[in-house]
Amino acid sequence: MGETAVTRLMGTFGVQSELLIAQILNFCLVAYLLYRFAIKPTLKTVEERQKKIADGLQYAESMKQQLAAAEKERLQILKQAQEEAQALLAKATSEGEQYWQVQKKAADEKVEQIVSQARNAMEVEHRNLLNETKAEVSTLVMETTERLLQKVLTDDLRAKLNQQAVSLLSNEHGTKT
Amino acid sequence: MRKGLFTFFGCILAFQVQAGVAVSPKPYLLGTIGGFPITNGMLYTWIISLAIIGIVRWLVQKPQLIPTKGQVVVETLIDNILQLLQPIVGARVVKQAFPVLIGFFIYILMQNWSSLLPGVGTIGKLEHGHFTYFFRPSNADLNATLALAIVSMIAWGYFVFSYEGFTGTIRHIFGNKADKSELSFGIYSFLFFIFLGVGLIECISILFRLVSLSFRLYGNVFGGENLLNNIMALAPWTKYVLPVPFYFLEILIGVVQALVFTLLVAVYIGSICNQEEEPSPSP
């Protein structure tokens, strides 16, 4: 009786095994084709896009970190360069000062030497001049004395007078200098 | 007042009966090919199946990273359905079950909406005073909805036995789900018989899913066809205006029924495969 009721129900709604199998195969085929040629490629593309976006974000983050590191490195290099420049400047200033001192000392020494040489030369010149003067004075004294006395002086007297004149000249010169 | 209302609805009923616009519950046989019966429901199913493949392929074309407008439509549909199904079916099974479930949704949706196209139920031949129309909505044919229900139950069986195994499934249906530590041995043992009875009811419920899934979809679409036919025949002077809201209703019902069928199959799969992934209740 149950089977009859089911058969009657199936008959009322026109259910037939051939149509049922055809509908099952039809749906399976449509679902497969949809998935194979539309859903699966779309899902793959979505996944690929998400991966690309994630990679892009990661790359951007990485670039940001690299930029920060580069900026930090730049500042560090700049700071180091400034320090090196300061050190170089200090060293140059120090060496300049030292060089200036050495050169000054050398110049002073040279000046001193020149002055000393000039002084010596002047001394020698002075002495020569004095000797010449002495000789001239002695000769003049002799000649003057001889003219005054109207006679030729002996060698002893000449020597004595010469001695007195030189002594007198030396004393005068000594008091002047 | 009440007498007036009865008279009004009585007149409507009489008009429908007199107009004879009720849709046949079974498809008409149009002919046979090699002994295979070609019904108007089968013919229209094939036509719309080809159209589904064509439309979706046309929308998607070759998927690109920068999507076209059609690709956006399909991507949005797929993504939303996937997000909807994942918590129901469970992350473990959703990837494998998704092709079948999205197939159900798109197939049923397009078949439902195609029943609203001009020519469905109106193009045919008149023989001996009987009008035989060539195109019958697929889901207004019980063969189609029963076929979908059978496929869904085969898929359910495949996923359940694949992921839970035979013993796991039997344990899930007939097993004692009480906490042994909280009950005495006597009560716990008695509960075995209770859960055995519950399991038997569950088996009947599982078998009846074939009926419930197929007749729910069939009933809604077939009822919709009847509704539209009757509204059109209600009064000749309103046939271009009055059916319009009901067409919108049928568009809505088309989506809802596609979603209901898909979600129910997802729930059937998830009720066994998604057990361990349910979040534990907070104390």
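Numbered from 1 within each chain, the chains take letters A, B, ... in sequence-line order.
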Please classify the contact of [X] with chain A as side chain, backbone, both or neither, using a heavy-atom distance under 4.5 Å.
X        : result
B/Phe215 : side chain
B/Tyr28  : neither
B/Phe104 : both
B/Ile106 : side chain
B/Leu148 : side chain
B/Ile102 : side chain
B/Asp141 : side chain
B/Leu65  : both

Strictly distance-based, threshold 3.5 Å: is any side-chain N or O of B/Trp113 a donor or acceptor partner for the main-chain N or O of B/Ile251?
yes

Between B/Asn226 (side chain) and B/Val23 (backbone), is there a donor-acceptor pair under 3.5 Å?
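At least one qualifying donor-acceptor pair exists.
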
Selection from A/Leu34, A/Leu19, A/Leu29 maximising heavy-atom pairs under 4.5 Å formed with chain B:
A/Leu19

Interface residues of residues 37-56 of chain A facing chain B - non-hydrogen atoms under 4.5 Å apart:
A/Phe37, A/Ala38, A/Ile39, A/Pro41, A/Thr42, A/Leu43, A/Thr45, A/Val46, A/Glu48, A/Arg49, A/Lys52

Could you check which of B/Phe36, B/Phe98, B/Tyr107 has the highest count of heavy-atom pairs closer than 4.5 Å to chain A?
B/Tyr107

Could you report the tightest heavy-atom contact between B/Thr122 and B/Tyr133, atom names first, then the distance?
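In terms of heavy atoms, the two residues are closest at N-CB, 4.3 Å.
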
